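Heads up: the structure comes next, in structure tokens.
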Amino acid sequence: MSLLAAQTQGFLSPTGVEIAFLLVGIVTLGAAVVTVTTKQLVHAALWLVVALGGLAVEYLLLTAEFIAWVQVLIYVGSVIVLLLFGLMLTRAPIGRSPDADSGNRWVALGVAVAAAAALVWVVVDAFRATWIDLDGPARGTTEVSGRMLFRHWVLPFEGLSVLLLAALVGAIVLSRLRKDTEEKR
Amino acid sequence: MHLAYPAVLAALLFCTGLYGVLARRNAILVLMSVELMLNAVNLNLVAFDVWLRDALHAGQALTLFTIAIAAAEIGIGLAIVLLVYRNRGSSDIDRLRDLAEGDAQDAAAPPDGPGGTGPGGAGRGPGTPPGDGPDGTDNGGTDNGGTDNKAEAAA
């Protein structure tokens, strides 16, 4: 079956969705690389917005519509804002900070390049003749997502809400000023 | 669409995040890199869900759960980083060496500049940690003084 698919869908004749995916993927990857290499801390957070927004577009291209909007709402809307608040509360320098990278960055680069080479090799070798069928009804509209979430995944969903509550309480407890240690000093 | 496109993109994004986690010094930048890695996993989950046409939509459900857990993780992580900054006056992860064995010179030099970081804690008194070593005057101390002055200037 995969051979038949390989005959009908050539690797050298990409469809429009593939070209769009490739272009947005290049932008996303570039923004991610700038995020981990820039010396200006606030710019890193803003480039992370570009990377996460590009990933939302990739979800849309993969017909996972609901996930894409959740990505925009949660990541771009709240996580980045939290990170910016964190940067400001720890009084990150606004301009270029020469010590943004630690001393072991070349070791880190070696590890990352080796991992990337191994992963890309394995993945390309494994899925050389595999195609996603994007035609037909969309896989991730809000209706489909709601049905599957509240029909098959209700219990994990509720457990997740308990986890979020615990995380919220934990964050408040951690960031509260402690009176007793204050008096002890 | 060829499945290799999202799979390769996810692998490359994951390795970018891996580099960031290993190479960054500021704790908040490390958290950003962790977000990149989690997002690479999410892209994989969505792509394989669309490919497999699973009746339970397990990939997309797990993606939603991962996003929620990542939000919880970033909240707790930032609370911890702020707490460390308030107690230490620095959020550089390679200065947090109290548990390191061996070179006591580095371990005994937590930043002695928190006089400048006290106002960050809004009336938290003198922000010097109680375990501050008396010999905080080696190169670590002066280096930290320089960065602290820069932070002052930037603020």
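We use all heavy atoms of the structure for the numbers below, so side chains are in, but hydrogens, waters and symmetry mates are not. Here is the naming used below: chain letters follow the sequence lines, and residue numbers restart at 1 for every chain. Since the structure is predicted, the reported quantities are computational estimates derived from the model, not experimental observations.
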> Checking heavy atoms, do the side chain of V144(A), its backbone, both or neither come under 4.5 Å from chain B?
Replying inline: side chain

> Under 4.5 Å between any side-chain heavy atoms of L82(B) and S175(A), yes or no?
Replying inline: no

> Quick one: of D92(B), L64(B), I93(B), D94(B), who has the most non-hydrogen atom pairs under 4.5 Å with chain A?
Replying inline: L64(B)

> Any chance CD1 of I19(A) has more than 12 other-residue heavy atoms, nucleotides or ligands included, within less than 6.0 Å?
Replying inline: yes

> What's the shortest heavy-atom distance between L9(B) and G25(A), and which atoms?
Replying inline: CD1-O, 3.7 Å

> In terms of heavy-atom pairs under 4.5 Å with chain A, which of F48(B), Y19(B), F14(B) leads?
Replying inline: Y19(B)

> Among L168(A), V113(A), T37(A), L164(A), which residue forms the greatest number of heavy-atom pairs with chain B at distances under 4.5 Å?
Replying inline: T37(A)

> If we only count heavy atoms from C-beta on, is the N39(B) to Q71(A) side-chain gap below 4.5 Å?
Replying inline: yes

>> Let's test your reading of the structure: which of V33(A), T35(A), V36(A), L52(A) forms the most heavy-atom pairs below 4.5 Å with chain B?
In response: V36(A)

> Taking V70(A), V123(A), V120(A), L55(A) one by one, which has the highest count of heavy-atom pairs under 4.5 Å against chain B?
Replying inline: L55(A)

>> Counting heavy-atom pairs closer than 4.5 Å to chain B, which one of L149(A), T38(A), V124(A) comes out on top?
In response: T38(A)

>> If we define contacts as heavy-atom pairs under 4.5 Å, which of T28(A), L134(A), I67(A) has the most with chain B?
In response: I67(A)

> So which part of T16(B) gets closer than 4.5 Å to some heavy atom of chain A, the side chain, the backbone, both or neither?
Replying inline: both

> chain A heavy atoms under 4.5 Å from L78(B): which part of the residue, side chain, backbone, both or neither?
Replying inline: side chain

> With a 4.5 angstrom heavy-atom cut-off, which part of L36(B) approaches chain A: side chain, backbone, both or neither?
Replying inline: side chain

>> A side-chain contact here means heavy atoms from C-beta on lying under 4.5 Å apart; do Y59(A) and N42(B) qualify?
In response: yes

> For L29(B), is it the side chain, the backbone, both, or neither that has a heavy atom closer than 4.5 Å to a heavy atom of chain A?
Replying inline: side chain

> So which part of F66(A) gets closer than 4.5 Å to some heavy atom of chain B, the side chain, the backbone, both or neither?
Replying inline: side chain

Table please: side-chain donor-acceptor pairs of residues 52-61 of chain B below 3.5 Å, with sequence neighbours left out.
residue, atom, partner, partner atom, Å
R53(B), NH2, D133(A), O, 2.8
R53(B), NH2, D135(A), O, 3.3
D54(B), OD1, L56(B), N, 3.3
D54(B), OD2, A58(B), N, 3.2
H57(B), NE2, R139(A), O, 3.2
Q60(B), NE2, D49(B), OD2, 3.2

> Any Lys/Arg nitrogen of D101(A) or R24(B) sitting under 4.0 Å from an Asp/Glu carboxylate oxygen of the other?
Replying inline: yes

>> Applying a heavy-atom distance below 4.5 Å, give me the residues of residues 40-48 of chain A that approach chain B, sorted by number.
In response: L41(A), A44(A), A45(A), L48(A)

> Looking at V122(A), L174(A), L119(A), which has the largest count of heavy-atom pairs under 4.5 Å with chain B?
Replying inline: L174(A)

> L22(A) versus chain B, heavy atoms under 4.5 Å apart: side chain, backbone, both or neither?
Replying inline: side chain

